[in-house]
S.K.: 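Right, I'll just put the structure down here and ask away after.
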Amino acid sequence: QLQLVESGGGLVQPGGSLTLSCAASGFTLDGYTVGWFRQVPGKERELVSCIDPDGISTNTYSVKGRFTVSRENSKNMAYLQMNSLRPWDTAIYYCAIQWGFRSDCGGRYDYWGQGTQVTVSS
């Protein structure tokens, strides 16, 4: 059974850091583009970053220079390192996958995790 599980969320003060993990099971992550998204209740889901099977990554403007996406295919894992967190980064963060090379982060993501809550507050 294909499954994605996010972890690493929590409460952090402004300016702090968190690393989110996305653990894949039931399949091999190698050939998939992994996307990270976030959503605030009542608002549309927003793309944050993505990384393709070759490790080419893209960050959206709102997180550029602060967030870094990475992957460790040998462990079937992907990560989102978040630095200099700000209150408006508060959201539920999701990882999702689509087959193939989409370093532009476009396309349709077919499988999603359940999300992990990130709260940035003093």
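Note: hydrogens, waters and symmetry copies are ignored here, and every other heavy atom, side chains too, is used.
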S.K.: Please identify each residue that fulfils side-chain hydrogen bond (donor to acceptor under 3.5 Å, both in side chains) with S7, with sequence neighbours left out.
M.R.: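 By the side-chain hydrogen bond (donor to acceptor under 3.5 Å, both in side chains) rule, S7 matches no residue at all.
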S.K.: Closest approach of G100 and T33, non-hydrogen atoms and distance?
M.R.: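 Answer, listing the atom of G100 first, then T33: O-OG1, 2.5 Å.
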S.K.: For residues A96 and L4, report the shortest heavy-atom separation together with the two atoms involved.
M.R.: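 In this case the closest contact between A96 and L4 is CA-CD1, 4.0 Å.
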S.K.: Is there a side-chain contact between W36 and T60, using heavy atoms and a 4.5 Å cut-off?
M.R.: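 Answer no - side chains too far apart.
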S.K.: Please, which pairs that meet salt bridge (Lys or Arg N to Asp or Glu O under 4.0 Å) have at least one residue in residues 110-122, sequence neighbours excluded?
M.R.: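 For residues 110-122: R108-D110.
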S.K.: Hey, could you give me each pair passing side-chain hydrogen bond (donor to acceptor under 3.5 Å, both in side chains) that has a residue in residues 49-58? Not counting sequence neighbours.
M.R.: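 Counting only pairs at least two positions apart or across chains, the side-chain hydrogen bond (donor to acceptor under 3.5 Å, both in side chains) contacts touching residues 49-58 are S49-N59.
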S.K.: Which residue pairs pass the disulfide bond (SG atoms under 2.5 Å apart) test with at least one member in residues 53-122, sequence neighbours excluded?
M.R.: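 Qualifying pairs, neighbours excluded: C22-C95, C50-C105.
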S.K.: Sort and list the pairs that fulfil salt bridge (Lys or Arg N to Asp or Glu O under 4.0 Å) and have at least one residue in residues 16-27, not counting sequence neighbours.
M.R.: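 For residues 16-27, and leaving out neighbouring residues, there are no salt bridge (Lys or Arg N to Asp or Glu O under 4.0 Å) pairs at all.
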S.K.: Among residues two or more places apart or on two chains, list those pairs meeting ring pair (Phe, Tyr, Trp, His ring centres under 6.0 Å) that have a residue in residues 91-122.
M.R.: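 As it turns out, the ring pair (Phe, Tyr, Trp, His ring centres under 6.0 Å) pairs with a partner in residues 91-122, which skip direct neighbours, are Y32-W99, F37-Y109, F37-W112.
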S.K.: Mind checking whether L2 and V34 sit in one hydrophobic cluster, side chains of I, L, V, M, F, W, Y counted as touching below 4.5 Å?
M.R.: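 Yes, because L2 and V34 connect within a single hydrophobic cluster, where side-chain heavy atoms sit under 4.5 Å apart.
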S.K.: Contact between M82 and L20 at the side-chain level, heavy atoms closer than 4.5 Å - yes or no?
M.R.: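 Sidechains of L20 and M82: in contact.
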S.K.: Backbone N or O of I56 within a donor-acceptor pair of the S103 side chain at under 3.5 Å?
M.R.: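 No.
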S.K.: If hydrophobic clusters are built from ILVMFWY residues whose side chains come within less than 4.5 Å, do V12 and F67 share one?
M.R.: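 Cluster IDs for V12 and F67 match.
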S.K.: Can you tell me if E6 uses its side chain to pair, donor with acceptor, with the backbone of G115 under 3.5 Å?
M.R.: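 It does hold such a pair.
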S.K.: Clusters formed by hydrophobic residues whose side-chain heavy atoms approach within less than 4.5 Å: which one holds Y61, and what are its other members?
M.R.: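 Direct or chained contacts put Y61 with none.
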S.K.: Residues two or more places apart in sequence or in another chain: which of them pass side-chain hydrogen bond (donor to acceptor under 3.5 Å, both in side chains) with Q39?
M.R.: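 So Q39 forms no side-chain hydrogen bond (donor to acceptor under 3.5 Å, both in side chains) with any residue.
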S.K.: Test of understanding: with side-chain contact (heavy atoms from CB on, under 4.5 Å), list the residues that count as partners of T68, not counting sequence neighbours.
M.R.: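 side-chain contact (heavy atoms from CB on, under 4.5 Å) check on T68 returns Q81.
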S.K.: The criterion is side-chain hydrogen bond (donor to acceptor under 3.5 Å, both in side chains); which residues satisfy it with D89, sequence neighbours excluded?
M.R.: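 Partners of D89 under the side-chain hydrogen bond (donor to acceptor under 3.5 Å, both in side chains) test: R38, R66.
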S.K.: Name all residues meeting the side-chain contact (heavy atoms from CB on, under 4.5 Å) criterion together with T90; count only those two or more places apart in sequence or in a different chain, and write none if there are none.
M.R.: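 Here the qualifying residues are Q117, T119, V120.
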S.K.: Tell me, which pairs form a side-chain hydrogen bond (donor to acceptor under 3.5 Å, both in side chains) where one or both residues lie in residues 69-80, sequence neighbours left out?
M.R.: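 Qualifying pairs: R71-N73, E72-Y79.
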S.K.: For P14 and S122, work out which heavy atoms get closest and say how close.
M.R.: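 Heavy atoms of P14 and S122 come nearest at CD-N, 3.7 Å.
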S.K.: Which pair of heavy atoms, one from S62 and one from E46, lies closest together, and at what distance?
M.R.: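 Closest heavy-atom pair between S62 and E46: OG-OE2, 3.5 Å.
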S.K.: State, to 0.1 Å, how close S17 and S84 come at their nearest heavy-atom pair, and which atoms those are.
M.R.: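 Looking at all heavy atoms of both residues, the shortest contact is OG-N, 4.4 Å.
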S.K.: Which atom pair, heavy atoms only, marks the closest approach of A91 to V40?
M.R.: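 Closest approach of A91 to V40, heavy atoms only: CB-CG2, 3.9 Å.
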